[in-house]
Trainee: 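There's a structure below that I have some questions on.
Convention: sequence-line order gives letters A, B, ...; per-chain numbering from 1.
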Protein chains: 2
Amino acid sequence: MQVNLFYSINMPKGTRTRRRSGCPLNASVEMLGDRWSLLIIRDMMLRGSRTYKEFLNSHERIATNILADRLRRLENYGILATERDPSDGRKLIYRLTPKGIDLAPVLTEMVLWAARHEETGNQALVREMQNDKERLLATIRQRWAEGRHQSP
Amino acid sequence: MQVNLFYSINMPKGTRTRRRSGCPLNASVEMLGDRWSLLIIRDMMLRGSRTYKEFLNSHERIATNILADRLRRLENYGILATERDPSDGRKLIYRLTPKGIDLAPVLTEMVLWAARHEETGNQALVREMQNDKERLLATIRQRWAEGRHQSP
DNA sequence: AAATTTACTTGCATTTTACAAGTGAAATGT
DNA sequence: ACATTTCACTTGTAAAATGCAAGTAAATTT
């Protein structure tokens with residue numbers, strides 16, 4: 001039997017303790033390089049999703065076990081944090097940490113790149129990002145600083 | 001037996017024909033959201049890697065079959081293109097297309113994010129990116145326009 | 001002509017993902 | 001008070017992706 005020394009017990013799958021290299025891009029890829037993590041962050045940042053159920057509603061249809069796993073990983077990485085909903089003890093509120101909010105420029109550039117080179121939707125968002133990247137980023141940061149990131 | 005209608009024959013694994021959604025971020029994630037693609041692009045853009053063997057030399061140690069698969073996928077997506085080396089018929093030269101070069105801002109933001117929030121190396125590159133993001137991007141673009149992206 | 005280099009492919013074990021169904025705690029309806 | 005619903009998951013299992021070692025064919029070098 002062989003064990004993978006890059007992983008530890010009691011951690012979600014794929015949560016590495018040792019890095020493959022010290023390159024900062026590699027660090028980002030190890031934390032975010034999969035088919036779901038960045039979409040969860042998008043849902044929090046741009047769509048105001050805060051609960052497990054809200055994440056499940058998004059159009060790409062993530063499986064429930066994968067969602068639970070990714071939320072745990074992102075929390076372990078310090079990208080998001082949780083708290084119980086004081087008004088409903090069943091609900092967990094997920095919110096971005098400062099580290100998570102700092103991903104806004106990464107998401108912006110990925111959106112703009114795809115919009116430039118692929119046929120994609122949500123042209124309103126894309127135009128907003130193109131026209132004044134800095135203003136949008138400031139808005140996102142401020143919305144989170146003020147706690148106005150709750151769902152409508 | 002069940003078949004997955006999101007995939008087609010004769011395409012590298014994971015190369016989807018239908019998208020999970022029209023969101024531009026999702027498009028980026030479907031093309032680049034794995035543990036290797038962005039590292040290959042980094043090697044081309046920042047380290048000047050051009051051949052299969054040069055990619056294999058990078059510190060994260062990609063497996064040969066995965067590398068072949070990722071190169072095929074990135075070519076299918078139009079992110080890179082190949083040509084035979086005129087002076088050595090065994091060698092294939094991989095180079096970024098304009099679409100691939102346009103990923104420079106994505107890589108930059110991912111590097112800066114990790115450098116800000118994780119302990120990583122290559123502080124020289126990070127400082128260069130911090131100090132003058134636009135100048136570095138202009139340099140990368142120009143280096144590729146001039147064909148000076150060959151290995152040293 | 002033999003050895004080496006390059007760019008892969010193949011086979012197989014391990015790990016991850018996807019899908020469907022189920023569970024327990026808290027809240028709501030009657 | 002008790003049944004029903006909601007919420008946030010977990011579990012089981014099939015399918016797909018990844019990782020590792022070994023092998024191969026064509027071009028080049030010796």
Side-chain angles (χ1 to χ4, degrees), chain A residues 1-16 18 20 29-30 33-37 39-40 43 49-58 60-75 80 82-94 151, chain B residues 1-16 18 20 29-37 39-40 43 49-58 60-75 80 82-94 151:
Chain A
M1 195 177 69
Q2 226 197 336
V3 289
N4 189 336
L5 294 173
F6 283 86
Y7 298 86
S8 312
I9 52 169
N10 285 338
M11 280 204 156
K13 319 201 161 171
T15 311
R16 281 153 178 274
R18 287 191 215 170
R20 297 177 294 185
V29 164
E30 292 200 4
D34 69 88
R35 314 194 76 70
W36 295 108
S37 298
L39 297 182
I40 292 171
D43 284 349
S49 299
R50 297 176 309 149
T51 65
Y52 189 86
K53 202 193 175 192
E54 285 169 355
F55 294 124
L56 281 181
N57 281 341
S58 90
E60 291 90 358
R61 317 264 77 206
I62 188 171
T64 58
N65 55 342
I66 306 294
L67 175 58
D69 180 82
R70 285 313 114 90
L71 289 169
R72 219 165 8 227
R73 282 179 51 167
L74 292 172
E75 191 179 356
L80 50 83
T82 56
E83 51 185 309
R84 283 275 152 206
D85 186 334
S87 70
D88 185 340
R90 291 169 303 180
K91 287 187 184 166
L92 256 188
I93 309 288
Y94 291 91
S151 283
Chain B
M1 195 177 68
Q2 225 196 337
V3 288
N4 189 335
L5 294 174
F6 283 85
Y7 297 87
S8 311
I9 52 169
N10 285 341
M11 279 203 156
K13 318 203 161 166
T15 310
R16 281 153 178 274
R18 287 190 216 171
R20 297 177 295 186
V29 165
E30 293 201 2
M31 288 186 274
L32 305 167
D34 70 88
R35 313 194 79 70
W36 296 108
S37 297
L39 297 183
I40 292 171
D43 284 349
S49 299
R50 298 176 308 149
T51 64
Y52 189 86
K53 202 193 173 191
E54 285 168 355
F55 295 124
L56 282 182
N57 280 342
S58 92
E60 292 89 359
R61 318 263 77 206
I62 188 171
T64 57
N65 55 341
I66 307 294
L67 175 58
D69 180 83
R70 285 313 114 89
L71 289 169
R72 218 167 8 228
R73 282 180 53 168
L74 292 172
E75 191 179 356
L80 51 83
T82 56
E83 51 185 308
R84 282 275 152 206
D85 186 334
S87 70
D88 185 340
R90 292 168 303 181
K91 287 187 183 166
L92 257 186
I93 309 289
Y94 291 90
S151 282

Trainee: Let's see if you can work this out: which of D:dT18, C:dT10, C:dC19 has an atom nearest to the side-chain heavy atoms of B:Ile66?
Mentor: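 Minimum distance to the B:Ile66 side chain belongs to D:dT18.
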Trainee: Hey, is the side chain of B:Trp36 poking within less than 4.0 Å of OP1 or OP2 on D:dT18, counting only N and O atoms?
Mentor: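 For D:dT18, neither OP1 nor OP2 has a side-chain N or O of B:Trp36 closer than 4.0 Å.
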Trainee: State whether B:Arg72 places a side-chain N or O below 4.0 Å from either non-bridging phosphate oxygen (OP1 or OP2) of C:dT9.
Mentor: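 Indeed, a polar side-chain atom of B:Arg72 lies that close.
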Trainee: Using the side-chain heavy atoms of A:Ala68, tell me which of these nucleotides is nearest: D:dT10, D:dT5, C:dT6.
Mentor: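 Nearest to the side-chain atoms of A:Ala68, counting from C-beta on, is D:dT10.
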Trainee: Taking B:Arg35 for the side chain and A:Asp34 for the main chain, is one N or O donor matched with an acceptor at less than 3.5 Å?
Mentor: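 Flag not set: sc B:Arg35 to bb A:Asp34 has no pair under 3.5 Å.
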Trainee: Between B:Leu39 and A:Arg20, is the side chain to side chain contact (heavy atoms under 4.5 Å, CB included) condition met? List the steps.
Mentor: CA-CA 11 Å; B:Leu39 297 183; A:Arg20 297 177 294 185; 3.6 Å; yes
Trainee: Where the side chain of B:Asp88 is defined as all heavy atoms beyond and including C-beta, which of D:dA8, C:dG11, D:dT28 is the nearest nucleotide?
Mentor: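 Closest of the options to the side chain of B:Asp88: D:dT28.
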Trainee: Ignoring hydrogens and geometry beyond distance, is the side chain of B:Thr64 in donor-acceptor contact with the base of C:dT9 at under 3.5 Å?
Mentor: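 Indeed there is one.
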Trainee: Measure the distance from CG on A:Leu67 to P on C:dC19 and round it to the nearest whole Å.
Mentor: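 About 14 Å, once rounded to whole Å.
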Trainee: Main chain of B:Leu56, side chain of B:Arg61: is a donor-acceptor contact present, judged purely on distance under 3.5 Å?
Mentor: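 Yes; at least one donor-acceptor contact below 3.5 Å.
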Trainee: So, is B:Tyr94 near the phosphate of C:dC8, with a side-chain N or O under 4.0 Å from OP1 or OP2?
Mentor: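 Yes, within the criterion.
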Trainee: Over all strands shown, is B:Phe55 touching base, sugar-phosphate only, or nothing at heavy-atom distances under 4.0 angstrom?
Mentor: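 Here B:Phe55 touches no strand at all.
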Trainee: Return whichever of A:Pro86 or A:Asp34 has its heavy-atom-nearest nucleotide of DNA chain C closer to the 5' end.
Mentor: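 On the 5' side of the pair lies A:Asp34.
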Trainee: Would you mind reading off the distance between A:Arg70 atom CZ and C:dT17 atom P, rounded to a whole angstrom?
Mentor: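 So the two atoms are 4 Å apart, to the nearest Å.
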Trainee: Could you check how far CD of A:Glu54 sits from C1' of D:dC9, rounded to whole Å?
Mentor: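 Computing the A:Glu54:CD to D:dC9:C1' distance gives 16 Å.
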Trainee: What is the distance from CG of B:Leu71 to C1' of C:dT6, rounded to the nearest Å?
Mentor: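 It works out to 13 Å between those atoms.
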Trainee: D:dA26 phosphate, OP1 or OP2: any side-chain N/O from B:Arg84 under 4.0 angstrom?
Mentor: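 False: B:Arg84 side-chain N/O out of range (4.0 Å or more) of D:dA26 OP1/OP2.
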Trainee: Determine yes or no for a side-chain-to-main-chain donor-acceptor pair under 3.5 angstrom, with A:Tyr52 supplying the side chain and A:Thr64 the backbone.
Mentor: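 Yes.
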Trainee: Is it true that a side-chain atom of A:Arg84 and a backbone atom of A:Ile93 form a donor plus acceptor pair closer than 3.5 Å?
Mentor: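 Looks like no, no N/O pair under 3.5 Å.
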Trainee: Which of these nucleotides, C:dA18, C:dT6, D:dT18, is closest to any side-chain atom of B:Arg90?
Mentor: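 For the B:Arg90 side chain, the nearest candidate turns out to be C:dT6.
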Trainee: Roughly, in whole Å, what's the span from CZ in A:Arg35 to C1' in D:dT18?
Mentor: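 After rounding, the reported distance stands at 14 Å.
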Trainee: How many whole angstroms separate atom CD of A:Glu30 from atom P of C:dT16?
Mentor: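 Going from CD in A:Glu30 over to P in C:dT16 covers 12 Å.
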Trainee: Side-chain N or O of B:Tyr52 less than 4.0 angstrom from OP1 or OP2 on C:dT9?
Mentor: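 Negative; the distance criterion is not met.
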Trainee: Rounded to the nearest Å, what distance is computed from the CG atom of residue B:Asn65 to the C1' atom of nucleotide C:dG11?
Mentor: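 For the pair B:Asn65 CG and C:dG11 C1', the rounded distance is 10 Å.
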Trainee: Take the protein atom CD1 of B:Ile62 and the nucleotide atom P of C:dA7, then report the distance between them rounded to whole Å.
Mentor: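 Result: 14 Å.
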